A.B. asks: 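Attaching a single structure in structure tokens format; questions to follow.
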Amino acid sequence: MPELPEVETIRRDLEQTLVGRTIEAITIHRDDILRETEPRELREAVAGRACRSVRRRGKNLILRLSGGAALLVHLGMSGQLYFTDGPEEPPDHTHVVVELSGEGRVVFRDVRRFGHMELVPSGRVADSSTLRNVGIDAMSDEFSADYLAQMLEGRSALLKGALLDQSRLAGLGNIYVCEALYRAGIHPEARCNDLSGGDVRRLHAAIHAVLAEAIAAEGTTISDYVTGNGVPGSFQDRLRVYGREGEPCGRDGCEHTIERIVQSNRSTYFCPGCQRRCRAR
DNA sequence: AGTCAAACCTGGGCGC
DNA sequence: TGCGCCCAGGTTTGAC
């Protein structure tokens with residue numbers, strides 16, 4: 001599920017509900033979602049600590065706590081992390097509950113269990129297991145058109161695969177890669193070294209635009225994703241190709257229909273009229 | 001070194 | 001109703 005816009009939405013919500021609050025206790029229902037962290041170690045490290053900040057890098061959340069610890073969270077495909085102050089019991093597949101002093105709690109729930117949490121000393125966030133292979137964030141100033149050009153230069157790999165490689169560019173997943181390629185008019189079977197300088201600049205602008213719009217819409221809810229307040233996002237209503245196989249391309253003057261192909265075992269959606277292969281191959 | 005398919009885990013939806 | 005198959009937003013592993 002959650003790509004950069006979804007994780008950023010959760011970050012913003014939790015920044016409002018969690019920063020400055022004190023953690024009373026943490027309940028771990030399933031400890032195999034902890035990465036390089038012992039349950040007891042986690043319980044002892046967070047109890048009585050305040051949450052100082054909620055940051056994000058790529059699809060990862062970084063919760064800094066008083067006392068020099070940081071809690072890293074990755075939501076995998078189906079993970080949820082949300083604040084609630086209702087009386088309800090935690091739903092099925094809830095793996096961790098962070099109880100706040102006063103009232104309220106933060107629930108970590110993940111049906112498919114591809115997500116994980118890791119506790120690290122705050123000085124070792126960058127070289128933690130969770131973050132050490134995470135590259136430039138796609139919404140950071142470091143992600144320039146020049147960076148993208150350099151990232152793609154001279155490579156024969158599928159462009160789509162390169163854009164999904166979190167160690168080079170962090171934050172894009174299958175949905176937003178499909179959407180960005182559509183907006184840039186680039187065929188999903190293009191290879192990295194097929195792109196001209198102009199293609200790279202259009203692609204860079206398209207990536208930035210689609211991520212910004214999706215953040216403004218609080219992310220895309222297709223099945224599991226909810227915001228940091230436990231409600232769905234709305235960008236699913238604005239997707240132009242993802243999940244729209246067989247529907248007409250919405251661009252004025254285009255008579256084509258959205259197609260689905262499979263690349264590296266993942267679905268790719270595109271408009272065969274609007275998206276070009278860039279260079280003869 | 002670079003590239004890419006398969007595996008990890010679970011649930012939902014579909015056809016039979 | 002039930003079974004089997006296919007599908008899913010991510011990341012890692014290992015084979016070529």
Side-chain angles (χ1 to χ4, degrees), chain A residues 1-10 29-36 56-61 72-81 91-95 108-118 128-135 137-138 150-181 188-194 207 210-211 214-215 217-227 232-246 260-269:
Chain A
M1 103 175 184
E3 307 180 28
L4 189 152
E6 290 75 38
V7 180
E8 175 62 17
T9 299
I10 292 169
H29 297 285
R30 258 203 102 108
D31 55 20
D32 61 1
I33 61 98
L34 301 182
R35 178 184 281 204
E36 303 200 354
R56 181 190 58 75
R57 191 159 138 209
K59 302 171 189 172
N60 300 275
L61 286 166
L72 311 179
V73 184
H74 191 288
L75 296 171
M77 294 263 271
S78 56
Q80 303 175 330
L81 190 69
D92 287 351
H93 309 290
T94 294
H95 306 316
F108 175 72
R109 181 171 180 263
D110 183 10
V111 171
R112 290 174 70 182
R113 290 193 283 120
F114 288 175
H116 54 84
M117 299 179 111
E118 181 181 9
S128 63
S129 166
T130 298
L131 289 174
R132 67 185 165 222
N133 292 323
V134 176
D137 186 273
Q150 173 207 320
M151 178 180 126
L152 302 177
E153 187 178 8
R155 296 181 62 196
S156 63
L158 276 172
L159 173 62
K160 189 182 171 199
L163 295 174
L164 289 170
D165 181 351
Q166 303 297 300
S167 70
R168 299 172 193 268
L169 178 60
L172 291 177
N174 203 32
I175 293 178
Y176 296 112
V177 167
C178 291
E179 295 294 312
L181 289 173
E189 289 177 309
R191 302 270 159 178
C192 296
N193 53 13
D194 291 337
I207 290 169
V210 72
L211 293 177
I215 291 169
E218 301 192 296
T220 299
T221 298
I222 290 175
S223 58
D224 298 295
Y225 162 72
V226 292
T227 70
S234 66
F235 199 70
Q236 62 278 9
D237 300 333
R238 310 246 288 276
L239 297 173
R240 300 187 193 167
V241 288
Y242 187 87
R244 307 184 70 97
E245 182 182 15
R260 183 179 82 99
I261 58 174
V262 175
Q263 299 174 292
S264 315
N265 262 351
R266 325 276 319 255
S267 288
T268 296
Y269 298 87

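If you're wondering where the values come from, they're calculated on a predicted model, not measured in any experiment. Both backbone and side-chain heavy atoms feed into the values below; hydrogens, waters and symmetry mates do not. Letters A, B, ... are given to chains in the order of the sequence lines, protein chains preceding strands, and every chain is numbered from 1.
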A.B. asks: Picking from Glu6(A), His93(A), Arg109(A), what satisfies side-chain hydrogen bond (donor to acceptor under 3.5 Å, both in side chains) with Gln80(A)?
C.D. replies: Arg109(A)
A.B. asks: Between Glu118(A) and Arg35(A), does any side-chain N to carboxylate O distance fall below 4.0 Å?
C.D. replies: no
A.B. asks: Ignoring backbone atoms, establish whether Arg168(A) has a side-chain N or O less than 4.0 Å from OP1 or OP2 of dG2(B).
C.D. replies: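 It does not, given that no N or O in the side chain of Arg168(A) lies less than 4.0 Å from OP1 or OP2 of dG2(B).
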A.B. asks: Nearest whole Å is fine: how far is dG2(B) P from Asn193(A) CG?
C.D. replies: 14 Å
A.B. asks: For Leu152(A) and dT3(B), give me the distance from atom CG to atom P, rounded to whole Å.
C.D. replies: 11 Å
A.B. asks: What is the separation between atom CG on Leu163(A) and atom C1' on dG10(C), rounded to the nearest whole Å?
C.D. replies: 15 Å
A.B. asks: Rounded to whole Å, please give me the gap between CZ in Arg266(A) and C1' in dC7(C).
C.D. replies: 12 Å
A.B. asks: Distance check: side-chain N/O of His116(A) vs OP1/OP2 of dG10(C), anything under 4.0 Å?
C.D. replies: no
A.B. asks: CZ of Arg191(A) versus C1' of dT3(B): gap in Å, rounded?
C.D. replies: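 Taking atom C1' of dT3(B) as the reference, CZ of Arg191(A) is at 9 Å.
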A.B. asks: Under 4.0 Å between a side-chain N or O of Lys59(A) and OP1 or OP2 of dT11(C)?
C.D. replies: yes
A.B. asks: State the pairing partner of dG15(B); accept Watson-Crick or G-U wobble contacts with both distances under 3.5 Å, and report none otherwise.
C.D. replies: dC3(C)
A.B. asks: Of the nucleotides dT3(B), dC4(B), dA8(C), which has the atom closest to the Leu158(A) side chain?
C.D. replies: dC4(B)
A.B. asks: Between Ser78(A) and dG10(C), is there a side-chain N or O to OP1/OP2 distance below 4.0 Å?
C.D. replies: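 Checking Ser78(A) against dG10(C): no side-chain N or O falls below 4.0 Å of OP1 or OP2.
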A.B. asks: What is the distance from CD of Glu245(A) to P of dC6(C), rounded to the nearest Å?
C.D. replies: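 Rounded to whole Å, this separation is 16 Å.
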A.B. asks: Looking for any heavy atom pair under 4.0 Å, which part of the strands does Tyr242(A) touch: base, sugar-phosphate only, or nothing?
C.D. replies: sugar-phosphate
A.B. asks: Roughly how far apart, to the nearest Å, are dG11(B) and dT12(C) at atom C1'?
C.D. replies: 22 Å
A.B. asks: Which distance, rounded to the nearest 0.5 Å, do you find between the CG of Leu61(A) and the OG1 of Thr130(A)?
C.D. replies: 11.0 Å
A.B. asks: Find which nucleotide of DNA chain C each of Ile222(A) and Thr130(A) is nearest to by heavy atoms, and output the residue with the more 5' nucleotide.
C.D. replies: Ile222(A)
A.B. asks: With a 6.0 Å cut-off on ring centres, are His74(A) and His116(A) close enough?
C.D. replies: yes
A.B. asks: Give a yes/no on whether any side-chain N or O of Arg35(A) is located under 4.0 angstrom from OP1 or OP2 of dT11(C).
C.D. replies: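 Answer no for this pair, as no side-chain N or O of Arg35(A) is under 4.0 Å from OP1 or OP2.
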A.B. asks: Considering residues at least two apart in sequence or located in another chain, which fulfil the salt bridge (Lys or Arg N to Asp or Glu O under 4.0 Å) criterion with Asp165(A)?
C.D. replies: Arg168(A)
A.B. asks: Using atom CG of Asn174(A) as one end and atom P of dT11(C) as the other, report the distance to the nearest whole Å.
C.D. replies: 11 Å
A.B. asks: Applying a 4.0 Å non-hydrogen cut-off, can you work out what Ser156(A) is touching in the nucleic acid: base, sugar-phosphate, or nothing?
C.D. replies: sugar-phosphate
A.B. asks: Is the number of heavy atoms from other residues, nucleotides or ligands under 6.0 Å of Glu245(A) CD greater than 12?
C.D. replies: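 Yes, the 6.0 Å shell around CD holds more than 12 heavy atoms from other groups.
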A.B. asks: On a whole-Å scale, what distance lies between the P atoms belonging to dT11(C) and dA1(B)?
C.D. replies: 23 Å
A.B. asks: For dG10(C) and His74(A) - does any side-chain N or O of the residue sit under 4.0 Å from the phosphate oxygens OP1/OP2?
C.D. replies: no
A.B. asks: OP1, OP2 of dT11(C) versus side-chain N and O of Gln166(A): anything below 4.0 Å?
C.D. replies: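 True: Gln166(A) side-chain N/O within range (under 4.0 Å) of dT11(C) OP1/OP2.
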A.B. asks: Distance alone, cut at 3.5 Å: any donor-acceptor contact between the side chains of Tyr225(A) and Ser78(A)?
C.D. replies: no
A.B. asks: Could you tell me the separation between the CG atom of Leu4(A) and the P atom of dT11(C), rounded to a whole number of Å?
C.D. replies: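 Those two atoms, CG and P, are 11 Å apart.
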A.B. asks: Just the table, please: protein N/O against nucleotides 6-9 of chain B N/O, every pair under 3.5 Å.
C.D. replies:
{"residue": "dC9(B)", "atom": "O3'", "partner": "Arg113(A)", "partner atom": "NH2", "Å": "2.6"}
{"residue": "dC9(B)", "atom": "O2", "partner": "Arg112(A)", "partner atom": "NE", "Å": "3.3"}

A.B. asks: Would you call Arg112(A) and Asp224(A) a salt bridge, taking side-chain N to carboxylate O under 4.0 Å as the test?
C.D. replies: no
